[in-house]
Chemist: 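One structure is given below, represented as structure tokens, and several questions about it will come after.
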Amino acid sequence: MPSTSAPPIRLKVGYKTPEALLGELTRSVGRGGVRHEAKKPVAVGTRFVFELKSAGVRAPVEVDGTVQAVTETAPGRFVLHIRYEPPKDRRGLDAVLERIFQAKEQDARRRAPRVPLHVRATERTPNSPVYRVRDLSRGGMGLDVECDALPKHLKVGEAALVQMRLTTGQLAAHGEIVWVVQPDAAKGLPARVGVHFGRLSGPAAKRLDDLLTLRALPQPPWIARLAFGGEALAEMG
């Protein structure tokens, strides 16, 4: 085991945009960590500090990581399984979020800034597809749908409800489907669904804002629950 007093290994990772940085951060924290390829093994328990930087943002986002396991995939090639911890210092994270929000102000097509958020989601309905909450804003969310063709109940005008257990309490945001896109296998593009949120209660709006600024996170494992149509309306009532 490495000494607890040993300084952590620092690695710098660059991203082209703040959105790409934040998307990778939420994806990695949500699934519990990252896989890092290495040419030599390190001891389980070794600590890392990842300095995540993106173009246009001076301050890096620092993320702590701890090696949980090491797998040898070939002679001289190893995969380190590293558990990610949410950033403790908010300076870099706030700078990335500010950049994203500023970009929205320059884009009149968007009513609210979209924050990349990768959360697996499911319905209670048997045999329903697997969803991923891909992006989130105060105005709504975008969903990726793992399917060969969109289920018939996913259509424009249908009621929609997303629920997540956050570190600050339960978030329930209701709205309706405003656009759908069928999958394009030739281009490797998944089916997508856009949801516009209705008027949220004060507590729901506060929890949504906390999630958008990553001051609150989904409780692990990161899984949201979705409902559509009559089921969504029943739960809203």
Side-chain angles (χ1 to χ4, degrees), residues 18-19 22-23 25-27 29-30 93-94 96-125 128-147 150-182 190-219 222-237:
E19 289 84 357
L22 198 59
L25 174 62
T26 56
R27 182 187 295 108
V29 172
L93 186 57
D94 286 341
V96 167
L97 289 166
E98 182 180 2
R99 184 74 174 184
I100 292 174
F101 294 158
Q102 286 176 345
K104 181 270 165 188
E105 294 176 357
Q106 300 170 8
D107 187 349
R109 296 171 300 173
R110 297 200 183 280
R111 295 181 179 179
R114 294 182 179 181
V115 174
L117 189 74
H118 297 269
V119 180
R120 186 174 180 271
T122 60
E123 292 181 78
R124 285 182 180 173
T125 306
S128 62
V130 173
Y131 300 84
R132 296 195 182 278
V133 180
R134 181 176 179 180
D135 56 59
L136 196 67
S137 75
R138 291 182 179 91
M141 65 180 173
L143 301 171
D144 284 352
V145 190
E146 296 182 8
C147 61
L150 276 174
K152 294 181 179 179
H153 68 285
L154 297 179
K155 56 186 178 182
V156 173
E158 286 292 325
L161 175 69
V162 59
Q163 296 174 303
M164 294 187 212
R165 287 191 311 117
L166 305 181
T167 51
T168 54
Q170 180 79 1
L171 168 66
H174 59 83
E176 69 174 53
I177 296 175
V178 291
W179 55 261
V180 297
V181 176
Q182 292 287 349
R192 297 212 65 200
V193 173
V195 173
H196 175 69
F197 292 149
R199 186 171 183 177
L200 304 181
S201 67
K206 175 63 167 60
R207 289 187 180 125
L208 179 58
D209 279 343
D210 287 345
L211 179 57
L212 290 172
T213 57
L214 303 189
R215 295 185 183 279
L217 295 174
Q219 293 188 4
W222 284 25
I223 298 178
R225 194 168 71 78
L226 299 170
F228 300 98
E231 181 184 349
L233 292 172
E235 295 201 28
M236 290 177 200

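Here, residue 1 is the first one in the sequence, and each next residue gets the next number.
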Chemist: Minimum heavy-atom separation for G139 and H196, please, with both atom names.
Modeler: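 The answer is O-ND1, 3.1 Å.
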
Chemist: Between E123 and H153, is there a side-chain donor-acceptor contact under 3.5 Å, judged purely by atom types and distance?
Modeler: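 Note: H153 and E123 side chains meet the donor-acceptor criterion.
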
Chemist: Looking only at heavy atoms, what is the nearest atom pair of V162 and A224, with distance?
Modeler: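 Heavy-atom minimum between the residues: CG2-CB, 4.1 Å.
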
Chemist: Would you call H174 and L200 a side-chain contact if the rule is heavy atoms closer than 4.5 Å?
Modeler: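 Counting from C-beta outward, H174 and L200 do come under 4.5 Å.
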
Chemist: Taking C-beta and beyond as the side chain, do L143 and L226 meet within less than 4.5 Å on heavy atoms?
Modeler: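 L143 vs L226: side chains touch.
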
Chemist: Heavy atoms, side chains only, cut-off 4.5 Å: are P129 and L150 in contact?
Modeler: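 A side-chain contact is absent here, since even the closest heavy-atom pair is not under 4.5 Å.
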
Chemist: Mind checking side-chain contact (heavy atoms from CB on, under 4.5 Å) for D144 and listing every partner two or more places apart, or none if nothing turns up?
Modeler: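 Once residues adjacent in sequence are excluded, the partners of D144 under the side-chain contact (heavy atoms from CB on, under 4.5 Å) criterion are R132, R134, P190, R192.
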
Chemist: T26 versus W222: any side-chain heavy-atom pair under 4.5 Å?
Modeler: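 They are in side-chain contact.
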
Chemist: Considering residues at least two apart in sequence or located in another chain, which fulfil the salt bridge (Lys or Arg N to Asp or Glu O under 4.0 Å) criterion with D209?
Modeler: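 Testing D209 for salt bridge (Lys or Arg N to Asp or Glu O under 4.0 Å), a comparison that skips the adjacent residues, returns R138.
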
Chemist: What is the distance from atom CD of Q219 to atom OG1 of T168, rounded to the nearest 0.5 Å?
Modeler: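 It comes to 9.0 Å.
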
Chemist: Roughly how far, to the nearest 0.5 Å, is the CD atom of E158 from the CG atom of L233?
Modeler: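 Spacing of CG (L233) from CD (E158) equals 8.0 Å.
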
Chemist: Give, for atom CG of L136 and atom CG of L212, the distance between the pair rounded to the nearest 0.5 Å.
Modeler: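 The CG atom of L136 sits 5.0 Å away from the CG atom of L212.
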
Chemist: Between C147 and A191, which heavy-atom pair has the shortest distance, and what is it?
Modeler: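 The answer is SG-CB, 3.7 Å.
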
Chemist: Rounded to the nearest 0.5 Å, how far apart are CE of M164 and CD of Q170?
Modeler: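 Reported value, rounded in 0.5 Å steps: 10.0 Å.
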
Chemist: For the CZ atom of R225 and the CZ atom of R120, what is their distance to the nearest 0.5 Å?
Modeler: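 With rounding to 0.5 Å, CZ (R225) is 14.0 Å from CZ (R120).
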
Chemist: First locate atom CG of L166, then atom CZ of R215, and finally report the distance between them rounded to the nearest 0.5 Å.
Modeler: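 Atom-to-atom, L166:CG and R215:CZ are 14.5 Å apart.
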
Chemist: Checking H118 now: which residues fulfil side chain to side chain donor-acceptor pair (under 3.5 Å) with it, not counting sequence neighbours?
Modeler: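 With neighbours one apart ignored, the set is R27.
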
Chemist: Start with the C-alpha distance between L93 and L25, add both sets of side-chain angles, then the distance that settles side-chain contact (heavy atoms from CB on, under 4.5 Å), and finish with yes or no.
Modeler: CA-CA 10 Å; L93 186 57; L25 174 62; 4.1 Å; yes

Chemist: Which atom names give the shortest non-hydrogen contact between A160 and V195, and what distance separates them?
Modeler: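 Minimum heavy-atom contact is CB-CG1, 3.9 Å.
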
Chemist: With a 4.5 Å limit on heavy-atom distance, are the side chains of K155 and V180 in contact?
Modeler: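 Not in contact.
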
Chemist: Can you give me the closest heavy-atom contact between A204 and L171, atom names plus distance?
Modeler: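 Looking at all heavy atoms of both residues, the shortest contact is O-CD1, 3.5 Å.
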
Chemist: Are L22 and L214 packed together at the side-chain level, in the sense that at least one heavy-atom pair is separated by less than 4.5 angstrom?
Modeler: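 L22 reaches L214 side chain to side chain.
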
Chemist: Taking side chain as C-beta onward, heavy atoms only, is L154 less than 4.5 Å from Y131?
Modeler: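 Yes; the side chains approach each other to less than 4.5 Å.
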
Chemist: Out of D135, I100, V115, which residue meets the side chain to side chain contact (heavy atoms under 4.5 Å, CB included) rule with E19?
Modeler: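 Of all the options given, the one that passes is I100.
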
Chemist: For residues F197 and S137, report the shortest heavy-atom separation together with the two atoms involved.
Modeler: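 Looks like CE1-O, 3.7 Å.
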
